[in-house]
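One structure is given here, and the rest of the page talks about it.
Please read all numbers here as calculations on a predicted model, not as lab measurements.
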Amino acid sequence: MIQRACSVFFALAALLPAQQSKVIPSGMDNVEGPLVYTYPFGRVDGGLCILYDADQITTTSNGVILGVNFRPSQQTQTALGYTKPYRVTMYTVPMTAAQMMALGSPVNPAVIIGTAVPTVVFNGPVTLPSIGPLATAPGAFNINIPFTTPYLFDGTQGNLFMMLETTDTTPVTATYRIDAVLFRNTVAEGIAADIDTLGCAAAGATVRSEE
C-alpha cells in the first residue's frame, strides 16, 4: 500500500556544490517532529510518497541530489535493525504539497505523477539500525540511502516527488517509526486577534510583547 507523507524529515545529500546536505523541511535540523510515521520501514510490503515544493529544496533554479537520509522517531519502542531491499524513484511534478495533502490517504501516485518522467535513483538493500528511546532528541539521520543515479532537480520545472517502496515481501522484525511533521496543509487553524500596545486577547487568554 502506498501512503502519502505528512512531511517526513529527511536530509538531502550534496544538494548543491557548496552545501553537502540539507534538512527538509527547512528549519527542523535540531527540532523533533510532533508526528510518527510508520511507512515504508518496518513493513512487509509498503510504499511512501513524499512531495516537497521546489522552494523547500533549493533557492536556486537547480541542484543535484545524491542521496536521502531519514531519522528514527523518539516516540518509539525498541526495534531491531534489519536489511531489506527498497526502490527510490524521483519525479519533477506540477502538483504542490498542499494539493497532494488534499487528496487524502491512501493516495494513487499516478494522480500526482501524470506525465512526469521517472528516474530510479536507488534500487537495492537498505540497512536500518536498531533503535530505542533516544538519549537526545532528535535522533541522527542514520537511515542512509545513497543514490546510485544522481537526480538533477530543476525547481523552475516543478516540485520534487519521491516514491520509496519495498521490493520484496520478506517479513521484518518489528514496526519501525520515523520522525515526521505536518507542513503545507490546506487548512491552518489557531487563534487570531489584533495586537495593540496592550497585547492581544482571545477566549480569555492574553499575549503581550515586551522588550
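A distance-only check finds a donor-acceptor pair linking the side chain of Asn108 to the backbone of Ala110 [under 3.5 Å]. A donor-acceptor pair is defined here as one N or O able to donate and one able to accept, closer than 3.5 Å; such a pair exists between the side chain of Lys84 and the backbone of Val44. Side chain of Tyr82 to backbone of Gly42: a donor-acceptor contact under 3.5 angstrom is found. Proximity of a side-chain donor or acceptor of Thr149 to a complementary backbone N or O of Val121 within less than 3.5 Å is not detected. Judged by distance alone, with hydrogens and angles left aside, the side-chain atoms of Asp53 form a donor-acceptor pair with the main-chain N or O of Ala97 at under 3.5 Å.
Between Ile145 and Phe70, some side-chain heavy-atom pair lies under the 4.5 Å cut-off. Residues Pro85 and Asn123 form no side-chain contact, since every pair of their non-hydrogen atoms from C-beta on lies 4.5 Å or further apart. Proximity of Asn142 to Pro72: side-chain heavy atoms (C-beta onward) are separated by under 4.5 Å at one or more points. Between Leu160 and Tyr151, some side-chain heavy-atom pair lies under the 4.5 Å cut-off. Put simply, the side chain of Ile24 does not reach to within 4.5 Å of the side chain of Ile50, judged on heavy atoms.
The aromatic rings of Tyr91 and Phe161 are tilted relative to each other, their planes meeting at an angle between 30° and 60°.
Judged purely by distance below 3.5 Å, without hydrogens or angles, the side chains of Asp45 and Thr166 pair a donor atom with an acceptor atom.
One finds the CG atom of Leu66 at 11.0 Å from the OG1 atom of Thr148 (value rounded to the nearest 0.5 Å). Atoms CD and CG, on Gln56 and Leu51 in that order, are 11.0 Å from each other to the nearest 0.5 Å.
The two residues Gly158 and Ala54 make their nearest non-hydrogen contact at O-CB, 3.4 Å.
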